[in-house]
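Note that the structure is a prediction, hence the values are computed from the model and not measured.
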Amino acid sequence: MKISTILDHIDSGHMALPEFQRGYVWSGDQVRGLFDSLYRRHPVGGLLVWATEAKTAAHRGDGPVVSGIVKLLLDGQQRMTSLYGVIRGKPPKFFDGNAKAFSGLHFHLENETFAFYQPLKMEGDPLWVDVSALMQAGTAGLGGFVTKLTQQPELAPKIGVYVGRLSQLLGISDVDLHIEEVTGADKSLDVVVDIFNRVNSGGTKLSKGDLALAKICADWPEARATMKTKLKAWAQADFNFNLDWLLRSLNTVLTGEAKFSHLDDKTADDIQDGLKRSTKAIDTALNLIGGRLGLDHEQVLFGRFAIPVMVRFLDQNKGQLDEKQRDKLLFWFAQAGMWGRYSGNTESTIDEDLAALESGGIDGLLTKLRFWRGGLRVEPEHFTGWSLGARFYPVLYMLTRMGGARDWGTGIELKANLLGKMSVCAR
């Protein structure tokens, strides 16, 4: 099928992106490489689609799909998103990523190379052609580009060559890509995701969280967008989490388990309730960690996978802790982060700690941590050689904040918004 036809199918809703697909992750270099290969008519691989009933197809984005059979893109998302973005000059409706990766692609008519727009290098040079502008103008608009070239007398001897290259560039839309279909009533979501992972074995496989979220979105289509809204709110407060992490916290609240498979029998109402409770508990945890420990931004938030365990405890106690419980919980959090409790198999470790919490509360967590670590005493040599980005840097930051340290020059108490900007310590 021609690339132009595939793009038309995306526009019409005959082809869409399944809910379980990741967002757009390609870099500008990969986009450039794709167009270079297509320009030279080198093979770029085919597409794999899942032909399924539109009424049951959980797809990404707010674009409508056709009634009847819709083709969900299993393999080729990055390529087709890049092609759509450059040829249409805008992202497709299912887009989720950084559009700058395919914005401003240019082609040099003399060197036959692709590069992204650089004003000093390209401005005023008619040999640099905006690929999106050419593609949208099409063959009918080719004359405008030729006119610009003819205005430069020194280019006249090669006008015919350049026109041929412009036509070859336009011809990318007519390149045929082979499409293979996965069909059949036996192709459940689990089966299709397994096929996807096998086909994409050389790339990044779908995580268990991706699969769990896909199943959730089948019953509650707004789940991903709702969760992303909350993630953005935390990002604005300088805490950067991902969907897997949030889903893990939701899971601990609803099931008391870390494995996403425990969400399989939960209804859309269960998930919505769990998300509401887990985000409330996460807010409480972050407020405690920031307010009491001074770990108030992304760079110093170590042990983030301890938070889903804290969330379970906070939810069970409706967020109401006495001072002793609060300080014990924060002591456990700091110790877990300090010693890298979750640096190994995160899922198994969270399950172990949830079991300890269930049987012994916070004391059970501390006992488990002492047994795992062999002791929790901090020695001076533990700080030797530790620098920014290491586990003990947040400990130093925490001690600085909790001790009410002040800038030597200004006398202002050190806070996240001052460190690295005004602080003498930072210099």
Side-chain angles (χ1 to χ4, degrees), residues 1-12 14-15 24 26-47 49 73 76-93 95 99-180:
M1 184 181 292
K2 289 182 179 181
I3 288 175
S4 59
T5 304
I6 297 172
L7 300 186
D8 289 341
H9 281 193
I10 292 173
D11 285 332
S12 66
H14 284 83
M15 186 176 290
Y24 184 74
W26 263 23
S27 66
D29 285 342
Q30 288 171 300
V31 176
R32 197 159 42 84
L34 172 65
F35 273 83
D36 186 70
S37 295
L38 287 167
Y39 174 75
R40 301 178 192 284
R41 302 304 188 261
H42 294 168
V44 296
L47 307 179
V49 299
L73 195 57
Q77 180 215 162
Q78 306 297 324
R79 284 169 288 155
M80 291 315 305
T81 301
S82 302
L83 285 165
Y84 190 104
V86 173
I87 294 174
R88 293 285 197 261
K90 61 181 181 180
K93 291 182 179 178
F95 183 74
K100 291 181 179 179
F102 51 70
S103 299
L105 185 66
H106 281 62
F107 176 75
H108 196 271
L109 289 170
E110 178 62 35
N111 301 329
E112 296 181 277
T113 56
F114 290 88
F116 286 92
Y117 184 66
Q118 302 173 44
L120 293 178
K121 179 180 180 181
M122 301 177 183
E123 191 170 359
D125 187 346
L127 292 177
W128 279 109
V129 177
D130 185 327
V131 179
S132 293
L134 176 66
M135 292 294 185
Q136 291 172 69
T139 305
L142 189 59
F145 291 87
V146 176
T147 299
K148 289 182 181 179
L149 294 172
T150 57
Q151 291 172 352
Q152 307 292 324
E154 68 275 15
L155 302 180
K158 298 193 71 173
I159 290 296
V161 174
Y162 295 151
V163 171
R165 290 173 181 173
L166 286 169
S167 297
Q168 185 173 340
L169 185 55
L170 275 171
I172 286 177
S173 294
D174 294 325
V175 171
D176 277 307
L177 297 182
H178 174 71
I179 298 180
E180 188 170 349

My understanding is that only residues two or more places apart in sequence, or in another chain, count here; which of them pass side chain to side chain donor-acceptor pair (under 3.5 Å) with Arg79? none
Could you tell me which residues satisfy side chain to side chain donor-acceptor pair (under 3.5 Å) with Ser103, sequence neighbours excluded, listed by chain and number? none
Counting N and O atoms only, with roles assigned by atom type, does the side chain of Ser132 sit under 3.5 Å from a partner on the main chain of Val86, one being a donor and the other an acceptor? yes
Can you measure from CD (Gln78) to CZ (Phe102) and round to the nearest 0.5 angstrom? 10.5 Å
Listed once per pair and sorted, the salt bridge (charged side-chain N to carboxylate O under 4.0 Å, His left out) pairs that draw on residues 113-128, sequence neighbours left out: none
First locate atom NE2 of His106, then atom CG of Leu134, and finally report the distance between them rounded to the nearest 0.5 Å. 11.0 Å
Under the side chain to side chain donor-acceptor pair (under 3.5 Å) rule, collect the residues that match up with Gln77, sequence neighbours excluded. Gln21
Report the distance from atom CG of Asp176 to atom CE of Met1, rounding to the nearest 0.5 Å. 9.5 Å
Which residue pairs pass the salt bridge (charged side-chain N to carboxylate O under 4.0 Å, His left out) test when at least one of the two sits in residues 155-166, sequence neighbours left out? Glu110-Lys158, Glu112-Arg165
Checking His14 now: which residues fulfil side chain to side chain donor-acceptor pair (under 3.5 Å) with it, not counting sequence neighbours? Ser12
Please walk me through it: do Ile159 and Val163 pass side-chain contact (heavy atoms from CB on, under 4.5 Å)? CA-CA 6 Å; Ile159 290 296; Val163 171; 4.1 Å; yes
Holding to salt bridge (Lys or Arg N to Asp or Glu O under 4.0 Å), I want the full list of residues that pass it with Asp36, two or more places apart in sequence or in another chain. Arg40
In a check of side chain to side chain contact (heavy atoms under 4.5 Å, CB included) between Val44 and each of Leu177, Val175, Leu83, which one passes? Leu177
Run the side-chain contact (heavy atoms from CB on, under 4.5 Å) check on His178 and Leu47 step by step: do they pass? CA-CA 6 Å; His178 174 71; Leu47 307 179; over 6 Å; no
For Tyr24 versus Ala101, what's the shortest heavy-atom pair and its separation? CE2-CB, 3.7 Å
Can you name the salt bridge (Lys or Arg N to Asp or Glu O under 4.0 Å) partners of Asp174, sequence neighbours left out? none
Trp26 meets the ring-ring contact (aromatic ring centres under 6.0 Å, His included) criterion, sequence neighbours left out, with none
Can you tell me how far CD1 of Ile172 sits from CG of Leu34, rounded to the nearest 0.5 angstrom? 8.0 Å
Could you pull out all residues at least two apart from Pro92 that satisfy side chain to side chain contact (heavy atoms under 4.5 Å, CB included)? Ile10, Thr81, Tyr84, Phe94, Phe95
From Arg32 CZ over to Ser37 OG, what is the distance, rounded to the nearest 0.5 angstrom? 11.0 Å
Give the ring-plane orientation class for Phe35 versus Phe114, where under 30° counts as parallel, over 60° as perpendicular and anything between as tilted. tilted
Sequence neighbours left out, cut at 3.5 Å: what donor-acceptor pairs do the side chains of residues 138-153 make with other protein atoms?
residue : atom : partner : partner atom : Å
Thr147  : OG1  : Gly143  : O            : 2.8
Thr150  : OG1  : Val146  : O            : 3.4
Thr150  : OG1  : Thr147  : O            : 2.8

One should read off an interatomic distance between Leu155 CG and Leu127 CG, to the nearest 0.5 angstrom, of 5.0 Å
N/O donor-acceptor pairs under 3.5 Å from side chains in residues 2-9, not counting sequence neighbours:
residue : atom : partner : partner atom : Å
Ser4    : OG   : Ser173  : O            : 3.4
Asp8    : OD1  : Arg88   : NH2          : 2.9

For Thr113 and Trp128, work out which heavy atoms get closest and say how close. O-CZ3, 4.0 Å
For a side-chain contact (heavy atoms from CB on, under 4.5 Å) check, start with the C-alpha distance between Met15 and Ile179, then their side-chain angles and the critical distance, and finish with the verdict. CA-CA 12 Å; Met15 186 176 290; Ile179 298 180; 4.3 Å; yes
